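Below: one structure, written as structure tokens.
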Amino acid sequence: MSGAELAAARAGRLDHDYLPGLGVASVQPYLDRYAERSAAARAALTWRALPYGADPAEQVHFFPATAPLVVFVHGGCWQLLDEWSSACGAPGLVAAFAAVGQPLSPHARVAAGLTSD
């Protein structure tokens with residue numbers, strides 16, 4: 001296998017590994033369900049946005065409780081989803097919940113960690 005063929009094979013595998021939406025007919029119903037459940041969580045629970053950086057995407061949505069804290073950093077491969085659509089995990093927990101947001105690709109790059117432009 002040539003270097004170019006190997007690079008192409010790796011790129012295809014990386015797309016498969018890092019873009020889970022490629023494995024379903026449409027990822028949109030899942031994203032819609034996240035958004036609906038997260039909106040319901042925000043309507044039913046006390047929460048607040050806490051910025052941790054200069055980028056507007058750098059904020060934590062914090063749902064307080066008098067119990068341990070569950071911190072959720074969304075998957076999304078730094079391409080989809082954010083703290084707004086990740087509050088769906090808060091209802092039903094007997095714990096405080098924090099959904100962490102971060103800048104998404106292509107604004108942010110994944111190199112030796114996530115870096116912003």
Side-chain angles (χ1 to χ4, degrees):
M1 182 178 282
S2 72
E5 290 170 325
L6 182 58
R10 285 182 177 154
R13 182 65 195 175
L14 288 176
D15 281 349
H16 179 269
D17 291 346
Y18 289 97
L19 298 172
L22 293 176
V24 295
S26 173
V27 72
Q28 196 58 52
Y30 299 98
L31 299 177
D32 292 345
R33 190 169 22 213
Y34 258 55
E36 291 164 7
R37 290 180 178 175
S38 294
R42 266 189 209 80
L45 302 170
T46 301
W47 70 280
R48 59 187 172 153
L50 304 169
Y52 66 86
D55 190 299
E58 295 175 323
Q59 58 178 287
V60 172
H61 286 192
F62 178 62
F63 295 77
T66 56
L69 173 64
V70 173
V71 178
F72 179 77
V73 180
H74 72 82
C77 299
W78 300 290
Q79 296 175 350
L80 295 171
L81 304 176
D82 57 16
E83 69 282 2
W84 283 98
S85 58
S86 299
C88 55
L93 286 177
V94 183
F97 182 84
V100 180
Q102 70 263 350
L104 301 177
S105 174
H107 174 71
R109 299 178 310 280
V110 177
L114 192 64
T115 58
S116 297
D117 289 334

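Treat the numbers as computed from the prediction; the structure is a model and nothing was measured.
No more than 12 heavy-atom neighbours from other residues, nucleotides or ligands sit within 6.0 angstrom of OH on Tyr30. Atom CZ of Arg37 sits in a sparse spot, with 12 or fewer heavy atoms from other residues, nucleotides or ligands closer than 6.0 Å. No more than 12 heavy atoms of other residues, nucleotides or ligands shown are found within 6.0 angstrom of OH on Tyr34.
Taking OG of Ser26 as the reference point, atom CG of Leu31 lies at 8.0 Å (rounded to 0.5 Å). Distance check: Glu83 CD to Phe62 CZ gives 15.0 Å after rounding to the nearest 0.5 Å. One finds the CZ atom of Arg42 at 9.5 Å from the SG atom of Cys88 (value rounded to the nearest 0.5 Å).
Contact between Ala41 and Ala87 at its shortest, heavy atoms only, is CB-O, 3.5 Å. For the residue pair Ser38 and Ser86, the shortest heavy atom distance occurs at OG-N, 3.5 Å. The nearest pair of heavy atoms linking Ala90 to Leu45 is CB-CD1, 3.8 Å. Annotation for Ala49 and Gln59: closest pair CB-OE1, 3.1 Å, computed over non-hydrogen atoms.
Contact check for Val71 versus Phe97: no side-chain heavy atoms found under the 4.5 Å cut-off. Considering only heavy atoms from C-beta on, Thr46 stays 4.5 Å or farther from Phe63 through its side chain.
No side-chain donor-acceptor contact under 3.5 Å links Arg48 and His61.
Looking only at distances, no side-chain donor or acceptor of Ser85 sits under 3.5 Å from a matching main-chain atom of Ala35.
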